[in-house]
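See structure below.
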Amino acid sequence: MAKITGLGGAFLRVNDPKKLCAWYDGSFSFPAADQRGRIAVAFFSKTSDYFPVTQPAMLNFQVDDLDAVLDHLVSAGVPVDSKREDSDYGRFGWFTDPEGNRIELWQPKA
């Protein structure tokens with residue numbers, strides 16, 4: 001039987017696509033060999049406070065060193081949530097992009 005084999009991308013509506021694309025250094029893709037963990041697709045209630053209720057979606061990027069990435073963002077003047085969370089799935093942290101989108105970073109367990 002035919003089946004879905006993975007996540008093909010994430011697409012967001014934003015106010016200024018060209019500016020945000022430049023901030024994220026263009027559109028990008030990650031080779032399968034670079035993926036360190038599973039890709040999750042999860043559904044949240046419209047009233048969930050996991051990310052802002054005014055935000056229709058949240059991106060989650062896998063990283064190899066959560067602290068180093070967040071520290072780099074802080075040094076670049078990006079708003080970074082001081083909370084860093086350890087879980088059974090790995091470590092999580094968050095920042096806010098120029099359009100006010102909360103973005104999640106995930107360092108999978110080794």
Side-chain angles (χ1 to χ4, degrees):
M1 179 177 187
K3 64 180 179 179
I4 295 171
T5 60
L7 182 63
F11 310 98
L12 301 174
R13 295 184 192 279
V14 298
N15 294 318
D16 190 339
K18 287 181 182 179
K19 182 178 178 182
L20 201 59
C21 185
W23 190 83
Y24 277 105
D25 199 24
S27 64
F28 39 85
S29 63
F30 305 101
D34 291 347
Q35 295 293 311
R36 298 184 60 220
R38 294 177 178 252
I39 296 172
V41 175
F43 302 99
F44 292 83
S45 74
K46 290 195 178 263
T47 58
S48 170
D49 64 357
Y50 192 71
F51 56 94
V53 295
T54 57
Q55 185 176 319
M58 182 173 66
L59 296 174
N60 170 296
F61 294 116
Q62 294 181 37
V63 297
D64 59 358
D65 185 335
L66 180 69
D67 294 322
V69 171
L70 290 173
D71 291 346
H72 174 75
L73 291 170
V74 167
S75 70
V78 174
V80 172
D81 189 328
S82 61
K83 174 183 169 187
R84 297 186 187 179
E85 184 177 298
D86 292 306
S87 80
D88 291 342
Y89 305 107
R91 300 187 65 226
F92 293 89
W94 299 266
F95 70 91
T96 303
D97 75 13
E99 292 234 351
N101 297 302
R102 184 171 174 85
I103 308 298
E104 184 172 67
L105 300 177
W106 169 44
Q107 180 180 336
K109 284 197 172 198

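Model, not experiment: these values are computed from the prediction. Residue numbers count from 1 along this sequence.
The pair Asp67-Arg84 meets the salt-bridge criterion, since a charged nitrogen lies less than 4.0 angstrom from a carboxylate oxygen. The pair Asp88-Lys109 does not meet the salt-bridge criterion, since no charged nitrogen lies less than 4.0 angstrom from a carboxylate oxygen.
Between Trp106 and Arg91, every side-chain heavy-atom pair lies at or beyond the 4.5 Å cut-off. Using a 4.5 Å heavy-atom cutoff, the side chains of Leu20 and Asp97 are in contact. A heavy-atom distance below 4.5 Å is not found between the side chains of Phe51 and Asn60. Between Glu104 and Phe95, the closest side-chain pair of non-hydrogen atoms is not below 4.5 Å. At a threshold of 4.5 Å between non-hydrogen side-chain atoms, the residues Trp94 and Lys83 count as touching.
With hydrogens and angles ignored, the 3.5 Å screen pairs a side-chain donor or acceptor of Gln107 with a backbone N or O of Leu66. A donor-acceptor distance shorter than 3.5 angstrom exists from the side chain of Gln55 to the backbone of Ala57, with no hydrogens or angles considered. Counting only distance, with no hydrogens or angles, the side chain of Gln62 and the backbone of Gly37 share a donor-acceptor pair below 3.5 Å. A donor-acceptor contact shorter than 3.5 Å links the side chain of Glu99 to the backbone of Asn15. Using modelled atom types, no side-chain atom of Ser48 and backbone atom of Ser45 make a donor-acceptor pair closer than 3.5 Å.
Remark: Asp25 CG is loosely packed, at most 12 non-hydrogen atoms of other residues, nucleotides or ligands lying under 6.0 Å away. Within 6.0 Å of CZ on Phe44 lie more than 12 heavy atoms contributed by other residues, nucleotides or ligands.
Taking CZ of Phe30 as the reference point, atom CD of Gln35 lies at 7.5 Å (rounded to 0.5 Å).
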